[in-house]
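Only one structure is covered here, and it is reproduced in the block below.
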Amino acid sequence: MWREYGDLVRLRVMPGFTIFLSTHPDHAEHILSTHCENYQKPDFFLKPMGLVQGKGLFSIEGKFWQKHRRLMQPAFQQRRLIRLHSVMWDCVESLLQEWEEQPADEVIDIAAEMKRLTLKIVGLALFSVDLSDEFNRLARALRIGVEYVYGRLTAPLSLPVWVPTQTNLQFQQAKRTIDSVVLEIIQNRRKESEQSDDLLSMLMDATDEETGKGLSDLELLNEMITLFNAGHDTTATSLAWTWYLLGLHPEVADTMRSEVDAVLQGGEPTFEKLPKLEYTRRVFDESLRLCPPGMGLAPRAALAADELDGYAIPKGAIVNIAFYFTLRHPDFWERPEQFEPDRFLPMNVARRPKYAYMPWGAGPHVCIGKSFAVMESVMILSAIAQRFRVNLVSKEPVEIDPRFTLRPKGGVRVTLDRRA
Ligand code: HEM
């Protein structure tokens, strides 16, 4: 539709229900920034999302969202993330050790490995629980919950959650497990006198400047589940595609390895060294451009009639910002299908409109976990590149499996050569 009709496509789904698909950076700026007070996530999106995560940052709007965002933002600031560095590094180290013990020619699915790693990191960083253990009750329940919500978002006519179908009952059981296990973690933490270095502790300490109050146990529960949902599949999927793209472009992988060797000098990717891995960061940025983990943002509904780029947007219309296409829009990206990390050199970034690059969203709802995800991803990419050459088993194109995230269908099969 984008190729045929251009940057704003109107779909009349049924009388009174219109969806617009938008791919132009100026539209995104209008909706997410300059006129953002007129656009909110609609109920048909918020309700299913809220089934698992309750009223967490991703599934709330208005004043309630503002309060939560204000309270949570400081925990995600770059300088606060230093507290999570060692948790992340321990997880990465233990994966590298496992890999070192494997036979050199063993084929692994690096997409599945990135998922296992980011699950472990997110569980430990959030509330010091290892969620990569398949037998962990909470991990199992969260998996069922996420799949259930995905099912409801893609099949809006499914039976209400209270109808006792097998799937609904299984979901309700999973949700009870999630709530009780996470609440228990929160309540036990309140009794502890020693500080932990995880996000739960940071969020427990947060107080609102206006009211002097912090988040209640229920609010913390919802936010923990929201952060879990938003924070591992996105990063795992992005890293899987990054290894795939590096495998297709050995010259880029060589340049990245040279940078890693020069910056790390055989040592660990410490908190101070990560920002010096500038090329590695550009590789990740370019991978997010070509293979973002999402097709676009959550839908937004117009609260009042508006005008966008000369077109009338009726009150109640839904606007979908499909940034997948903005990220390969020929008006803003030369050779859009090519993998060229140097597009992200500062002088090249300065030449593009800001909203041409939105894999993290933009405006007030921009990804709160961006610095967390960048720190984690640059650490993982550099630590693996330092010790291994990652070789694709096949250079055949890998298809997208469009689920919650745009995963590589069938995974990314690689072999690992240990570096001297
Ligand atoms: C490569 C990794 C990631 C990508 C590409 C990504 C992308 C995004 C995008 C596009 C949005 C905006 C959605 C919208 O406006 O409709 C978003 C929001 C959000 N992200 Fe991320 N994300 C990533 C990792 C993370 C991580 C690691 C966390 C937490 C630890 C996280 C937590 C959130 C939350 C809570 C929101 C909702 C923010 C709000 O509405 O105020 N994300 N993310």
Side-chain angles (χ1 to χ4, degrees), residues 22 28 31-33 36 39-42 45-46 49-50 53-62 64-73 75-77 80-81 84 87-88 114-115 117-119 121-127 131 153 198-200 202-203 222-242 281 284-301 318-324 326-327 355 357-381 404-407:
S22 147
I31 292 156
L32 301 173
S33 178
C36 61
Y39 291 91
Q40 285 197 352
K41 295 174 193 168
F45 176 82
L46 295 178
M49 289 304 292
Q53 56 202 36
K55 292 186 185 305
L57 210 53
F58 204 73
S59 45
I60 48 178
E61 278 286 7
F64 195 53
W65 168 81
Q66 270 172 8
K67 177 194 132 183
H68 276 229
R69 180 89 195 198
R70 216 171 37 233
L71 266 163
M72 292 168 68
Q73 187 74 54
F76 287 90
Q77 278 165 4
R80 301 284 296 273
L81 292 177
L84 300 177
V87 171
M88 287 184 184
M114 292 298 103
K115 178 123 190 220
L117 177 59
T118 55
L119 248 178
I121 290 177
V122 86
L124 293 172
L126 283 178
F127 31 51
L131 295 174
L153 280 173
D198 57 19
L199 276 164
L200 175 59
M202 292 192 229
L203 294 183
N222 293 337
E223 292 305 354
M224 284 292 121
I225 299 168
T226 298
L227 292 172
F228 167 81
N229 280 345
H232 76 284
D233 213 15
T234 38
T235 319
T237 304
S238 312
L239 286 167
W241 286 115
T242 308
R281 171 69 195 273
F284 189 59
D285 287 345
E286 174 67 342
S287 164
L288 283 179
R289 182 189 70 81
L290 266 181
C291 303
M295 179 70 77
L297 298 181
R300 304 298 205 263
I318 302 297
V319 187
N320 273 328
I321 298 182
F323 62 56
Y324 187 88
T326 321
L327 291 170
Y355 287 80
Y357 187 70
M358 286 181 289
W360 305 99
H365 282 280
V366 68
C367 178
I368 199 170
K370 179 179 170 186
S371 299
F372 178 111
V374 168
M375 169 163 118
E376 178 185 13
S377 303
V378 174
M379 179 193 290
I380 293 172
L381 290 171
F404 240 174
T405 52
L406 304 178
R407 297 178 191 162

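For reference, positions follow the sequence shown, starting with 1. Atoms within a ligand are numbered from 1 in the order they appear, just like the ligands themselves. Note that the coordinates shown come from a computational prediction; the quantities given were computed from them, not determined experimentally.
Nearest-heavy-atom check against atom 39 (C) of ligand 1 across Arg69, Lys41, Lys370 picks out Arg69. When the options Ser371, Ala236, Gly361, Gly231 are ranked by their closest heavy atom to atom 27 (C) of ligand 1, first place goes to Gly231. Checking Cys367, Ser238, Ala362, Gly363 against atom 20 (N) of ligand 1, the nearest heavy atom belongs to Cys367.
Near Trp65, meaning under 4.0 Å from any of its heavy atoms, are these atoms of ligand 1: 39 (C), 40 (O), 41 (O). Within ligand 1, the atoms closer than 4.0 Å to a non-hydrogen atom of Phe372 are 27 (C), numbered from 1 in the order shown. Taking a cut-off of under 4.0 Å to the non-hydrogen atoms of Ala298, the atoms of ligand 1 that pass are 16 (O). Within the listing of ligand 1, atoms 5 (C) sit less than 4.0 angstrom from a heavy atom of Pro293. If you number the atoms of ligand 1 from 1 as listed, the ones under 4.0 Å from a heavy atom of Arg300 come out as 14 (C), 15 (O), 16 (O).
The two residues Leu288 and Ser238 make their nearest non-hydrogen contact at CD2-OG, 3.4 Å. In this structure, Ser287 and Thr242 approach most closely via the heavy-atom pair OG-OG1, 2.8 Å. Closest non-hydrogen pair, Met88 versus Ile121, comes out as CG-CG2, 3.7 Å. A pairwise comparison of heavy atoms in Ala75 and Leu81 identifies O-CD2, 4.1 Å as the closest pair. Residues Met72 and Ile368 come closest through the heavy atom pair CB-CD1, 4.0 Å. Contact between Asn222 and Lys55 at its shortest, heavy atoms only, is ND2-N, 3.3 Å.
Here the protein heavy atom with the shortest distance to atom 24 (C) of ligand 1 is Thr234 OG1, 3.5 Å. Taking atom 40 (O) of ligand 1 as the reference point, the nearest protein heavy-atom neighbour is His365 ND1, 2.7 Å. At the top of the distance list for atom 7 (C) of ligand 1, counting protein heavy atoms only, stands Pro359 O, 3.4 Å. For atom 11 (C) of ligand 1, the closest non-hydrogen atom on the protein side is Trp360 O, 3.8 Å. Summary of contacts: the protein heavy atom closest to atom 34 (C) of ligand 1 is Ile368 CG2, 3.8 Å. Nearest protein neighbour of atom 37 (C) of ligand 1, counting heavy atoms only, is Phe58 CD1, 3.4 Å. Protein heavy atom nearest atom 33 (C) of ligand 1, with residue, atom name and distance: Ala230 CB, 3.6 Å.
Contact check on Asp285 versus Arg281 returns a salt bridge, with a Lys/Arg side-chain nitrogen under 4.0 Å from an Asp/Glu carboxylate oxygen.
Annotation: the span from Leu203 atom CG to Leu71 atom CG amounts to 8.5 Å, rounded to 0.5 Å. In this structure, the separation between CG on Leu32 and CE on Met358 is 6.5 Å, given to the nearest 0.5 Å.
For a threshold of 3.5 Å applied to N or O pairs, the pair formed by Glu376 and ligand 1 contains no separation below that value.
In this structure, Arg300 contributes its side chain and Val319 its backbone to no donor-acceptor pair below 3.5 Å.
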